[in-house]
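A short write-up of the structure that comes next.
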Amino acid sequence: MTDLDHRPANLEAEPYGPPSGSLADLLERVLDKGIVIAGDIKIDLLDIELLTIRLRLFIASVDTAKKAGIDWWETDPALSSRAARDALAEENERLRARLDALEEATAESSGAAR
Amino acid sequence: MNGPSATAPGVVCVFAVTGAPPDPGALASAAGHEEGGPLRVLPAGGLCLVVQDVPAASFGEEALAERLNRPEDLERLARAHHRGVAAAAGRGPVVPLPMATLYHGDASAVRAVASRRPVLESLLDRLRDRTEWAVKVHAAERAADASAQAEASATGGRGYLSRASARRRDQRHAHGRALGEAEAVDTELRRFAVAATRHRPQSDRLTGRRTPQLLNGAYLVNDADRTAFTRALDRITADGRYPGVRVEASGPWIPYSFARWDEEPEPAAAHRREAPA
């Protein structure tokens, strides 16, 4: 076969479940899409943008950790220097994501002004 | 815990809209949000809402904003939402609502949905017996830089500059070729889909790849065409026609990306950003 992610054998078991490891795909679908019906409780869309980026980074770091066999996200950083380093790396990633989002927002607003 | 019988209207989370009542067994066995009660069906003018009573303490505006900002909580919320939508989807088409569509009480939720009944019904028709497939195309990792090696004999500043410019030229060339292949993949898959749309390609840091994501597509496929679609996917990845890209697919998905009415039904040209203005 190929490196495709779809597994026809699983279709019966869970017809609509996302294949494992595709949380990013799921988020793209449940968060990024247009609001079909506005609820009574509002979510700030700009924040949604930002936190989507952050969660994706979080997922990416979890995946990386899984590949390396580290369950750092279930570990108290205080108990593990490795987890603490990963926590720092994650914070670094988050800050970068935030900077990216801010830069993008600035670029977009200056683009819109033209 | 909040129940349907709570006196003060609590917060009601709506997962999805269906035409026919969903399978009660599927609802009973599905867990929605961890903090909430059981999933239940709320009739709304001929349509059915799959809802869950959730505590205001965790789903009020402030509490929700705080939880959404914690990645692990956001993941829990997203998965719970998907469980609720999937439980609604057993017996026919489903229109999934965006995550955390929340109302103050049943009456408010029913009003919001009933007032949009014609649009929801046409969406249900559009999504009937169809699933969504996610396809991501990345540029392939390139082998050793041939032209750079060829010119490696040139030394000094001029040699360096000429190597650098040859490398840039190669990169531009390869990128253009990969983009063309991504478009061809998209064109081929659209032949087996009733609609297609594009999400914004994910950045390299999100994908964790060294090569850019060129296409982040979603395809709405008739159940009857599913085999043809997955065969097309297999052909695309198997026969080496597109050596410049890597294609990855996941599915079948509940058609989240097509459950909107603000989108052009005609898929072919609607999302081509590169089309001249």
Side-chain angles (χ1 to χ4, degrees), chain A residues 1-8 10-11 14-45 47-64 67 73-74 90 93-94 96-97 100 104, chain B residues 11 14 59-61 64-65 68-69 71-72 74-75 78-79 81-82 85-86 89 95-104 108-109 112-113 116 131-134 199-200 202-203 205-208 216 218 230 233-234 237-238 246-254 256-257 259-263:
Chain A
M1 278 283 287
T2 64
D3 59 348
L4 292 184
D5 214 0
H6 65 85
R7 299 180 185 91
N10 287 352
L11 296 188
E14 202 187 358
Y16 295 107
S20 62
S22 55
L23 183 58
D25 283 2
L26 176 62
L27 282 166
E28 205 157 57
R29 283 161 175 77
V30 303
L31 286 178
D32 286 5
K33 294 305 96 207
I35 301 297
V36 174
I37 297 171
D40 291 340
I41 295 168
K42 300 279 183 290
I43 301 178
D44 188 335
L45 280 175
D47 286 349
I48 289 274
E49 277 282 322
L50 179 60
L51 64 88
T52 304
I53 294 172
R54 283 174 43 179
L55 181 55
R56 284 178 183 158
L57 289 172
F58 174 76
I59 295 161
S61 53
V62 168
D63 286 348
T64 309
K67 275 179 201 144
W73 64 96
E74 289 166 357
E90 195 213 343
E93 294 258 79
R94 285 191 197 187
R96 281 168 184 275
D100 281 359
E104 210 168 297
Chain B
V11 174
V14 184
F59 285 84
E61 225 151 305
L64 194 61
L68 289 170
N69 277 300
E72 54 277 41
L74 176 59
E75 175 176 358
R79 291 206 185 279
H81 180 74
H82 183 69
V85 173
V95 173
L97 298 193
M99 191 179 90
T101 302
L102 299 161
Y103 295 93
H104 294 300
S108 179
V113 167
R116 293 169 175 82
T131 55
E132 172 176 337
W133 292 76
H199 300 298
R200 190 160 68 174
Q202 296 169 342
S203 74
R205 269 191 304 117
L206 300 183
T207 62
N216 185 3
T230 55
L233 274 172
D234 287 343
T237 47
R246 292 283 169 273
V247 180
E248 281 159 19
S250 70
W253 285 86
I254 288 168
Y256 283 105
S257 303
R260 355 177 17 184
W261 59 65
D262 53 346
E263 180 182 48

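Nothing here was measured: the structure is a model prediction, and the numbers come from that model. All chains are named by letter (A, B, ...) in the order of the sequence lines, taking the proteins before the strands, and each is independently numbered beginning at 1.
Closest of all the heavy-atom pairs between A:Asp40 and B:His104 is OD2-N, 2.7 Å. Taking every heavy atom of both residues into account, B:Ala78 and A:Val30 meet most closely at CB-CG2, 4.1 Å.
Note that CZ of B:Arg200 and CD of A:Glu28 are 10.0 Å apart. Values are rounded to the nearest 0.5 Å. Taken to the nearest 0.5 Å, the OH atom of B:Tyr256 stands 5.5 Å off from the CG atom of A:Leu26.
With a 4.5 Å cut-off on non-hydrogen atoms, B:Gln202 touches chain A through its side chain but not through its backbone.
Residue with the most contacts toward chain A among B:Asn216, B:Val85, B:Val14: B:Asn216 (heavy-atom pairs, distance under 4.5 Å).
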